[in-house]
Novice: 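Right, I'll just put the structure down here and ask away after.
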Amino acid sequence: MRVVQTLARWLIWLVGAGCAGTIALVVLWLFMRQSPWDFVSPETASVVILREGLAQRRQVSLVNPGAGDILATLDQVRTREQEFSRFLEQIDSEIFIPISPAGESLIIANAGWKALFVRSGILAARSVYNPADDIHFSLSEHSAGGVDSTIYHIRIKGMRNSLSIALVRNILLVAASPGPITAAIRHWGASGTRSTLWPGLMAGMQQRPMTVLSRTPELALPLPCLPAETLHVTGTAWSIQADRDLASIESVTLFSGGTNEGRGLQRLLHSNQYRPTAPALLPRGTTRLRSLLFDDLEELLTALGPCNRTTTRQHPGLIHDWAANELAVFFHKGKRFVYLRVVDPLRAASARHAPGDSARILTNSNGWAIRRPGIPAFIQPLADLLSPGRPTPWLAHKGERFVFGQDAEGLLALVNAGAPSLAESLQPDTRDIVLRRCNYSMLDASGAPPPLPSLILGLIHDQYGPGRVIAGALTSADGRLHLTLRIDREPSGQANMAHTSNTTAPAK
């Protein structure tokens, strides 16, 4: 019995010691662990986040060649060093890549709790002894921000790229040279404060394989004639999923408080969103569409006033209360057309009829009336902002839909096309984007990319050749712009679904 009691006491003691040791290790881990964000310095221009680790290295090369070279070289080292490869397998799949204003890249990964015990032993041993002739390890000591650190250098024979690697607690830092690593450690050791911009950009973003955060004053999709400096852009986030056939991109643009200054600009960015009607009207052969939806025409012209000073001086009093809230410019069979939705068709038609014009009015079986009244003076500058082109003196109108064209023949061909509508011919996901409630929508079946920021332009150019279909919708809410883009490599025309209702704006 005494033996049993002794064994029980020992067992309880061992269990207690084990629990105490586990608790101590957990407390040590919680105290010592660091977040990759702790090493992102305030000077960082952009951050690329990969959620599938090295599997995304090719696409990273398209976004930032320097970061792609680092990941490619790291992969080469991994294939040559089994011990190092096993260590890399322990790190989280999520990789952070801060990019400095000078374009220098830094790879940051969380090596997990095991890094507290493994430390840099693998790299240190190789730095002392290099048995293989094709790969060389060395080390150097650094002091930055009051923190002493060891940076290991790896060079593969026959390759021009080299690596610098440091392990700070649980964080693995990899760069092409020691500079970005020492800068990150200096920031971590000196303050440890994080930028408030990146969490704001990450909020609400979809968890796609690649996310690009940028503080550069670039709009997700530039609004007509509104420079980013005027809008006080503080940062933009891109959430990207792309393969050889399809790219799906969500974007959020943040603004400072200055965005709310100015009645017209505030209304343009924070307006109610309407569902565009033009895509349901246009025939399948339409190759390019830009559609702007707004609450109030006067406020829109106020917001765009600095861009149209010459025009507005020449045409004072250009506000007409028969204009609704949708303006679109599109191309069909090589010709440019301007689409305007109106609230009061009779007043609009009367206003566009000038006495003394030649009375050429053609009416076809579809109920469209075609005449030559000329495009309204206040619409032309807005249409040119969406897509510059030649004047459109001819008008085809049916109910609330007004379409201006370069000649009567083109308008007749358009309204008599008899083909499925553009909306009916799109793939379901693309149609959903083109027809969703928005402030601005676009469709391009000619392969021309939208004016995307340089960070992701390389990815789009490389993976999608001529003939792609690009669809986008821009909405606004809570001081943000939300952009949805879909890029198909092959044009699509097989889908056949009913288009949405053509009701958009109430009468003013």
Novice: Without hydrogens or angle criteria, can the side chains of R215 and S46 be said to hold a donor-acceptor pair below 3.5 Å?
Specialist: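 No, because no side-chain N or O of R215 sits under 3.5 Å from a partner of the opposite role on S46.
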
Novice: Any side-chain heavy atom of L443 within less than 4.5 Å of one from T430?
Specialist: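 They are in side-chain contact.
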
Novice: What's the separation between atom OG in S239 and atom CZ in R208, rounded to the nearest 0.5 Å?
Specialist: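 It is 4.5 Å, given to the nearest 0.5 Å.
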
Novice: Checking V63 against M210 for the side chain to side chain contact (heavy atoms under 4.5 Å, CB included) test, could you report, in this order, the C-alpha distance in whole Å, the side-chain angles of both residues, the deciding distance, and whether it holds?
Specialist: CA-CA 10 Å; V63 173; M210 180 188 295; 3.7 Å; yes

Novice: Could you tell me if the side chain of L414 sits less than 4.5 Å from the side chain of P283, heavy atoms only?
Specialist: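 P283 vs L414: side chains touch.
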
Novice: Would you say S291's side chain and S441's backbone share a donor-acceptor pair under 3.5 angstrom?
Specialist: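 Pair absent, no side-chain N/O of S291 close to backbone of S441.
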
Novice: Flag the pair R401 / Y339 as yes when at least one side-chain heavy-atom distance between them is below 4.5 Å, and no otherwise.
Specialist: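 R401 vs Y339: side chains touch.
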
Novice: Would Q207 and I49 count as a side chain to side chain contact (heavy atoms under 4.5 Å, CB included) if you check the C-alpha gap in whole Å, the side-chain angles of each, and the deciding distance to 0.1 Å?
Specialist: CA-CA 10 Å; Q207 301 296 304; I49 302 175; over 6 Å; no

Novice: State whether the side chain of Q76 and the backbone N or O of I156 hold a donor-acceptor pair below 3.5 Å, judged by distance alone.
Specialist: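 Pair absent, no side-chain N/O of Q76 close to backbone of I156.
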
Novice: Among D432, V434, L435, find the one that has a side-chain contact (heavy atoms from CB on, under 4.5 Å) with L426.
Specialist: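 The side-chain contact (heavy atoms from CB on, under 4.5 Å) with L426 is passed solely by V434 among D432, V434, L435.
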
Novice: Are the side chains of L106 and I70 in contact, using a 4.5 Å heavy-atom criterion?
Specialist: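 I70 does not reach L106 side chain to side chain.
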
Novice: CG/L172 to CG/L88 distance, rounded to the nearest 0.5 angstrom?
Specialist: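 Output value for this atom pair is 7.0 Å.
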
Novice: When you measure from the side chain of D38 to the backbone of S35, do you find a donor-acceptor pair of N or O atoms at a distance under 3.5 Å?
Specialist: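 Looks like yes, one N/O pair under 3.5 Å.
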
Novice: Looking just at side-chain N and O atoms, do R51 and T211 make a donor-acceptor pair shorter than 3.5 Å?
Specialist: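 Yes - a donor-acceptor pair under 3.5 Å links their side chains.
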
Novice: Grab the two heavy atoms, one from S164 and one from I181, that are nearest each other, plus how far apart they are.
Specialist: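 Distance-wise, the nearest heavy atoms are O-CD1, 3.2 Å.
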
Novice: Indicate yes or no: at least one non-hydrogen side-chain atom of S100 is less than 4.5 angstrom from one of P180.
Specialist: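 No - every pair of side-chain heavy atoms lies 4.5 Å or more apart.
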
Novice: Of all heavy-atom pairs between T236 and L201, which one has the smallest distance, and what is that distance?
Specialist: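 Answer, listing the atom of T236 first, then L201: N-CD2, 3.7 Å.
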
Novice: Calculate, to the nearest 0.5 Å, the distance between atoms OG and CZ belonging to S85 and R78 respectively.
Specialist: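 So the gap between those two atoms works out to 5.0 Å.
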
Novice: Could you tell me whether the side chains of R341 and T277 share a donor-acceptor contact shorter than 3.5 Å?
Specialist: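 Per modelled atom types, R341 and T277 side chains form no pair under 3.5 Å.
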
Novice: Please report the closest heavy-atom contact between I108 and P98, naming both atoms and the distance.
Specialist: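 Minimum heavy-atom separation between I108 and P98: CD1-CG, 3.6 Å.
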
Novice: Work out which heavy atom in L327 is nearest to a heavy atom in A383; give both atom names and the distance.
Specialist: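 Shortest heavy-atom separation between L327 and A383 comes out as CD2-N, 4.0 Å.
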
Novice: Side chains of D69 and R160: closer than 4.5 Å at any heavy-atom pair?
Specialist: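 They are in contact (side-chain heavy atoms under 4.5 Å apart), so the answer is yes.
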
Novice: List the steps, then state whether salt bridge (charged side-chain N to carboxylate O under 4.0 Å, His left out) holds for D384 with R336.
Specialist: CA-CA 11 Å; D384 287 341; R336 175 181 180 266; 3.3 Å; yes

Novice: Return the CG to CG distance between L213 and L197, rounded to the nearest 0.5 Å.
Specialist: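 One gets 7.5 Å once the value is rounded to the nearest 0.5 Å.
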
Novice: After noting the C-alpha distance and the side-chain angles of E326 and L293, does the key distance pass the side chain to side chain contact (heavy atoms under 4.5 Å, CB included) rule?
Specialist: CA-CA 5 Å; E326 182 179 1; L293 294 100; 4.2 Å; yes

Novice: Can you name the closest pair of heavy atoms from T286 and H332 and give their distance?
Specialist: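 Answer, listing the atom of T286 first, then H332: N-ND1, 3.7 Å.
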
Novice: Could you tell me if N439 and Y274 have a donor-acceptor pair between their side chains, going purely by distance under 3.5 Å?
Specialist: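 No, N439 and Y274 have no side-chain donor paired with an acceptor closer than 3.5 Å.
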
Novice: Should the ring pair W37 and F96 be called parallel, tilted or perpendicular, given that the plane angle runs from 0 to 90° and is split at 30 and 60?
Specialist: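 The arrangement is perpendicular - the two ring planes meet at more than 60°.
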
Novice: For a 4.5 angstrom cut-off between non-hydrogen side-chain atoms, does T392 reach F337?
Specialist: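 Side chain of T392 against side chain of F337, heavy atoms only: no contact under 4.5 Å found.
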
Novice: Output, in order, the C-alpha distance, side-chain angles, deciding distance and verdict of side chain to side chain contact (heavy atoms under 4.5 Å, CB included) for T44 and I99.
Specialist: CA-CA 6 Å; T44 299; I99 301 172; 5.7 Å; no

Novice: Do R436 and T484 touch side chain to side chain, with heavy atoms closer than 4.5 Å?
Specialist: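 They are in contact (side-chain heavy atoms under 4.5 Å apart), so the answer is yes.
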
Novice: Will you find, in the side chains of Q273 and T475, an N or O donor that is under 3.5 Å from an N or O acceptor?
Specialist: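 No, no side-chain donor-acceptor contact under 3.5 Å.
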
Novice: Is a side-chain N or O of N170 found less than 3.5 angstrom from the main chain of Q34, in a donor-acceptor match?
Specialist: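 Checked: pair present.
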
Novice: Mind listing the closest non-hydrogen atom pair of E424 and R431 along with its distance?
Specialist: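 E424 and R431 have their closest heavy atoms at O-NH1, 4.0 Å.
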
Novice: Can a salt bridge be assigned to the pair R80 and D75 using a cut-off of 4.0 Å between side-chain N and carboxylate O?
Specialist: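 Looking at D75 together with R80, the answer is no, because their closest N to O distance does not fall below 4.0 Å.
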
Novice: Would you compute the distance between atom CD1 of I154 and atom CG of L74 and round it to the nearest 0.5 angstrom?
Specialist: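 If we round to the nearest 0.5 Å, I154:CD1 and L74:CG are 7.5 Å apart.
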
Novice: Verify the distance criterion only: is there a donor paired with an acceptor across the side chains of N325 and D295 at less than 3.5 Å?
Specialist: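 No.
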
Novice: Using 0.5 Å steps for rounding, measure from the CH2 atom of W238 to the OG atom of S214.
Specialist: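 Here the interatomic distance stands at 9.5 Å.
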
Novice: Do the ring centers of F378 and H320 come within less than 6.0 Å of each other?
Specialist: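 Yes, the ring centres sit under 6.0 Å apart.
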
